[in-house]
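The next block holds one structure in the form of structure tokens; read it before the comments.
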Protein chains: 2
Amino acid sequence: MSEASTAVDAWEALFRAQVSVLRALSAEFPTDEISLTEYDLLFNLSRQPEHRLRIRDLHAHLLLTQPSVSRMVDRLAARGLVAKSTDPSDGRGTIVTLTDDGHELYRRVGVQHARSISRIVGGALSPAELRQLAALCVKLRTATAHEATHAS
Amino acid sequence: MSEASTAVDAWEALFRAQVSVLRALSAEFPTDEISLTEYDLLFNLSRQPEHRLRIRDLHAHLLLTQPSVSRMVDRLAARGLVAKSTDPSDGRGTIVTLTDDGHELYRRVGVQHARSISRIVGGALSPAELRQLAALCVKLRTATAHEATHAS
DNA sequence: CTCCACTCTATGCATACGCAACGAGCGGTC
DNA sequence: GACCGCTCGTTGCGTATGCATAGAGTGGAG
């Protein structure tokens, strides 16, 4: 089997696994409070120093187009879950900051979400396999993000 | 580190990698011809004996709700890429079959898509790592699909 | 200092999506 | 054979999304 088809098979396997797990996770996600994509946005903010990012940088972490991220930020700001402010170092930019309310909701939903993940993903692979999978995915993401920046 | 957080870390890593790769793939996918999700639908049909599935079974492979799959099938049928027919063994069911046109488009787009995958995913991991990643993902998907059926 | 090319985010519009509900079909019970 | 509970796919509706575009801001060249 050529290297090319090995890569295709690996990607297909990853994508299929992600669809399968995401379907199971979606089934028990509290969508009445927040959507999975909105949760992902809050997650990305929570990982940043001071829980803040410019919309441009936030967009790079999400699977939405830039106008959709802009709109989602608007909706979350309207609910008081994030705050928007102009970037003092670049007037073009908008800084999005996780509010206390947003952080509280993120944590509350996150605990429940983590339980689902532990059962579904944790039940499928051993700890050693999980660490192995994590390492491979980090390498894949790092190299891919690099290529995207390089291609620009 | 507990098993629970190992599972959460592994899932986060997988999800982030998937977002990163999908962003890069989307950037060069021929969306003027077909969307990535429509392509995924055709892909799932192409994998079946006789390239056909009931909508219910097709839905299980996709990240859309059942009505959305129904609508997408309608749109693809309108373009002649798939054909719909009533299931002779169960009048409630609709069989979706990949047409010659649909198969031709799927293959053409698939070749281009496979090149992107080879460069992006193949450039990030070695052949041994790719096989390892594929094996772990197959195991994850198999266990997860099993749990979904079990929970029903 | 002015101008211009580009960056960055927001907005208008058309389409796709999810949710809720509906109607046709199936299979088991009486 | 009739009835009922459930399955399965379709449809109506409101919202989210992507595409194209506009306008404000930046930085570098002249």
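Chain letters run A, B, ... following the sequence lines, proteins first and then strands; every chain starts at 1. Bear in mind that the values here come from a model prediction, so they are computed numbers and not experimental data. Reckoned from all heavy atoms, side chains included, excluding hydrogens, waters and symmetry mates.
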For [X] and [N], give me the distance from atom [atom1] to atom [atom2], rounded to whole Å.
| X | N | atom1 | atom2 | result |
| --- | --- | --- | --- | --- |
| A:Asp74 | D:dA16 | CG | C1' | 13 Å |
| B:Leu58 | D:dT10 | CG | P | 12 Å |
| B:Glu38 | C:dC17 | CD | C1' | 13 Å |
| B:His59 | D:dT10 | NE2 | P | 13 Å |
| B:Asp90 | C:dG28 | CG | P | 12 Å |
| A:Leu36 | D:dT15 | CG | P | 21 Å |
| B:Leu41 | C:dC17 | CG | C1' | 15 Å |
| A:Leu63 | C:dC17 | CG | P | 15 Å |

Quick one, B:Leu133 with B:Cys137, criterion side chain to side chain contact (heavy atoms under 4.5 Å, CB included). Give me CA distance, side-chain angles, the key distance, then yes/no. CA-CA 6 Å; B:Leu133 177 62; B:Cys137 289; 3.9 Å; yes
Side chain of [X], heavy atoms from C-beta onward: which of [options] has the nearest atom to it?
| X | options | value |
| --- | --- | --- |
| A:Thr65 | D:dT7, D:dG9, D:dC19 | D:dC19 |
| B:Ser68 | C:dC17, C:dA24, D:dC19 | C:dC17 |
| A:Arg75 | D:dA16, C:dT9, D:dT10 | D:dA16 |
| B:Thr31 | D:dG25, D:dC19, D:dG18 | D:dC19 |
| B:Met72 | D:dT26, C:dC17, D:dT17 | C:dC17 |

Think [X] has a side-chain N or O under 4.0 angstrom from the OP1 or OP2 of [N]?
| X | N | result |
| --- | --- | --- |
| A:Lys84 | C:dA10 | yes |
| A:Thr94 | C:dA10 | yes |
| B:Arg92 | D:dC6 | no |

If you take atom types as modelled and just measure distance, does the side chain of B:Arg71 reach the base of C:dG18 with a donor-acceptor pair under 3.5 Å?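 Side chain to base: pair present.
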When you compare the side chains of A:Ser89 and A:Asp87, does any donor N or O come within less than 3.5 Å of an acceptor on the partner?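 Yes, a side-chain donor-acceptor pair sits under 3.5 Å.
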Looking at B:Glu12 and A:Arg47, does any basic side-chain N land under 4.0 Å from a carboxylate oxygen?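 Here B:Glu12 pairs with A:Arg47 in a salt bridge, since their nearest N and O are under 4.0 Å apart.
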Name the nucleic acid region contacted by A:Asp87, choosing base, sugar-phosphate or nothing; use a 4.0 angstrom heavy-atom cut-off, strictly under.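 The residue A:Asp87 makes no contact with any strand.
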Which residue lies toward the 5' end of DNA chain D, A:Val69 or A:Ser89, if each is placed at its nearest nucleotide?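 Nearest nucleotide further toward 5': that of A:Val69.
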5'-most by nearest nucleotide on DNA chain D - A:Pro88 or B:Pro67: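 Result: B:Pro67.
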Would you kindly compare B:Leu64 and A:Gln66 by the position of their nearest DNA chain C nucleotide and give the one closer to the 5′ end?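 By nearest-heavy-atom nucleotide position, the 5'-most residue is A:Gln66.
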Interatomic distance, B:Leu81 atom CG to B:Tyr106 atom OH [nearest 0.5 angstrom]: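 Interatomic distance, B:Leu81 CG to B:Tyr106 OH, rounded to 0.5 Å: 14.0 Å.
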Could you label the plane-to-plane angle of the B:His113 and B:Phe29 rings as parallel, tilted or perpendicular, counting under 30° as parallel and over 60° as perpendicular?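 Ring orientation of B:His113 relative to B:Phe29: perpendicular.
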With a 3.5 Å distance limit and no angle check, can you tell me whether A:Ser20 reaches the backbone of A:Ala17 through a side-chain donor-acceptor pair?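 Not a single qualifying donor-acceptor pair exists.
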